[in-house]
Number of protein chains: 2
Amino acid sequence: MKTGNIPEPTVRRLSLYLRELENLWRADHRTVASRKLAAALKFTATQIRKDLAYFGQFGQRGIGYDVGELITKIRHILGTDRTWNVLLVGAGNLGMALSAYRGFAKKGFKLVAVFDADPSKVGKSIPMQPEIRIQSVDEIPATVKEKDIRLAILAVPGEAAQPLVDTLVQSGIRGLLNFAPVSIDVDAKVAISSVDLAVQLEQLSFQVGSGV
Amino acid sequence: MKTGNIPEPTVRRLSLYLRELENLWRADHRTVASRKLAAALKFTATQIRKDLAYFGQFGQRGIGYDVGELITKIRHILGTDRTWNVLLVGAGNLGMALSAYRGFAKKGFKLVAVFDADPSKVGKSIPMQPEIRIQSVDEIPATVKEKDIRLAILAVPGEAAQPLVDTLVQSGIRGLLNFAPVSIDVDAKVAISSVDLAVQLEQLSFQVGSGV
DNA sequence: TAGTGTGAATGGATTCACAGCC
DNA sequence: GGCTGTGAATCCATTCACACTA
């Protein structure tokens with residue numbers, strides 16, 4: 001599938017369309033118009049149609065989109081119509097919360113390994129998934145290959161992040177979800193998505209503060 | 001402070017500039033050029049200068065920016081040169097991890113109350129902050145007023161989110177960081193920032209998958 | 001009639017190019 | 001010489017307007 005010419009904002013919205021379509025499906029809606037979808041997500045109907053049109057013609061003029069079909073199509077576009085093996089580095093508070101988060105599995109992301117640098121944590125099992133035991137970070141390269149892992153979640157302190165990223169990338173990881181509050185340097189072929197929780201609150205502070 | 005005419009992407013980047021400047025300060029750099037900052041964050045130097053120029057003239061031609069001064073200025077712009085009281089709704093896995101996250105306090109966000117709908121959790125104290133006890137969600141309105149809370153973090157299941165948001169907004173909350181995987185409907189005067197962890201992984205799946 | 005798909009127009013953010021200052 | 005600040009030019013996403021189809 002081509003990707004170079006798809007606007008980034010479009011890809012972000014695609015995930016939100018999918019989420020909303022899954023809700024509609026659960027609520028027994030089998031068809032939906034761009035206008036309806038737009039209202040729920042507070043986008044414009046035109047934008048939704050244009051976004052979808054990058055990938056093909058999915059709708060029926062006069063009727064709208066078939067919810068089930070569109071779900072299938074978007075999952076295919078996003079690559080979530082299959083299971084991804086995912087690893088997690090960092091078994092601290094946040095890491096443990098993420099490992100227990102059911103939302104990942106629902107979307108086809110399967111946590112298959114957890115690593116931590118702290119020897120006292122190694123060997124312990126993690127909540128809800130007794131089959132996973134915390135491994136030493138030294139075992140990252142071997143485990144990535146053995147379990148065919150392409151995606152990694154990084155939930156470690158800022159100082160520890162970059163060296164671990166280098167290890168992950170050298171081991172064959174292709175995409176990285178980074179929770180460490182530092183900017184990460186990777187080869188362009190590796191996808192990276194960063195979430196800095198404090199930054200999110202700062203954005204709110206700006207918006208709220210300016211209105212006071 | 002004016003805000004209406006500041007591009008949203010600029011505000012997002014401001015937080016990242018601040019983060020990087022704080023790192024530079026810790027590493028004993030007292031002055032920095034836009035080019036250097038740009039290299040670290042992988043933006044362009046021009047973009048940084050233009051972003052900062054929205055708020056004033058902070059640099060010295062021929063020299064660059066004074067790190068300490070710029071930190072002060074950006075904190076003021078973002079409104080984080082003071083302490084914000086924050087509440088958390090949802091004492092599940094994610095909520096507890098967030099309540100223990102030290103990154104918030106470092107940036108001036110002080111967690112002062114935690115709520116959960118589950119009566120069996122009410123009354124328990126939370127890790128690391130024995131002075132905070134989990135309260136019933138019924139107590140939200142009174143506590144928001146009493147403790148002068150403006151920002152809320154929402155870490156509850158999707159189904160529970162919207163009614164709680166309505167309560168929060170009616171209680172006087174002005175900004176909301178939402179971790180529930182649903183789209184939230186609020187009055188335009190309330191700032192909202194959403195983080196959907198599964199969506200983040202989907203973005204990686206798309207980027208990685210398209211290159212396979 | 002209701003709703004999609006899409007070229008054209010618009011609007012807004014990024015980048016360029018350079019004047020101005022240390 | 002080095003670097004900021006900024007109008008002008010460019011680029012790119014969004015919106016408009018409408019042809020088209022069930």
Practice prompt. Tell me which nucleotide among dA19(C), dG5(C), dG3(C) gets nearest to the side chain of A33(A).
Written response: dG3(C)

Item to complete: Using atom CG of L41(B) as one end and atom C1' of dT14(C) as the other, report the distance to the nearest whole Å.
Response: 17 Å

Worksheet entry | Note, Y17(A) side chain near D51(A) side chain (heavy atom, < 4.5 Å) | yes

Fill in: D166(A) versus Q162(A), side-chain donor and acceptor atoms under 3.5 Å
yes

Practice prompt. Would you check if there is a donor-acceptor pair between the side chains of T143(B) and Q135(B) at a distance under 3.5 Å?
Written response: yes

Discussion item. Under a 4.0 Å threshold between the charged nitrogen and the carboxylate oxygen, would R30(A) count as salt-bridged to D66(A)?
Written reply: no

Practice prompt. Choose from dT6(D), dC3(D), dT6(C) the nucleotide whose nearest atom is closest to any side-chain atom of Q57(A).
Written response: dT6(C)

Item to complete: Would you mind reading off the distance between L52(B) atom CG and dT14(C) atom P, rounded to a whole angstrom?
Response: 13 Å

Practice prompt. Would you mind reading off the distance between D66(B) atom CG and dC22(C) atom P, rounded to a whole angstrom?
Written response: 16 Å

Item to complete: Can you tell me the distance, in whole Å, between the CD1 atom of I48(B) and the P atom of dT14(C)?
Response: 12 Å

Response to the item:
Whole-Å distance, F58(A) CZ to dT6(C) C1', equals 15 Å

Worksheet item: R61(A) has a side chain; which of dA22(D), dC21(C), dC20(D) sits nearest to it?
Response: dC20(D)

Response to the item:
The contact string for nucleotides 8-18 of chain D, one letter per nucleotide 5' to 3', using protein heavy atoms under 4.0 Å with B, S and - for base, sugar-phosphate only and none, comes out as B----SSBB--

Worksheet item: Can you check the I63(B) CD1 to dC21(C) P distance for me, whole Å?
Response: 15 Å

Worksheet item: With distance as the sole criterion, is a donor-acceptor pair present between the side chains of S193(A) and Q203(B) under 3.5 Å?
Response: no

Discussion item. We want to know whether R75(A) and T80(A) form a side-chain donor-acceptor pair, criterion being a heavy-atom distance below 3.5 angstrom.
Written reply: no

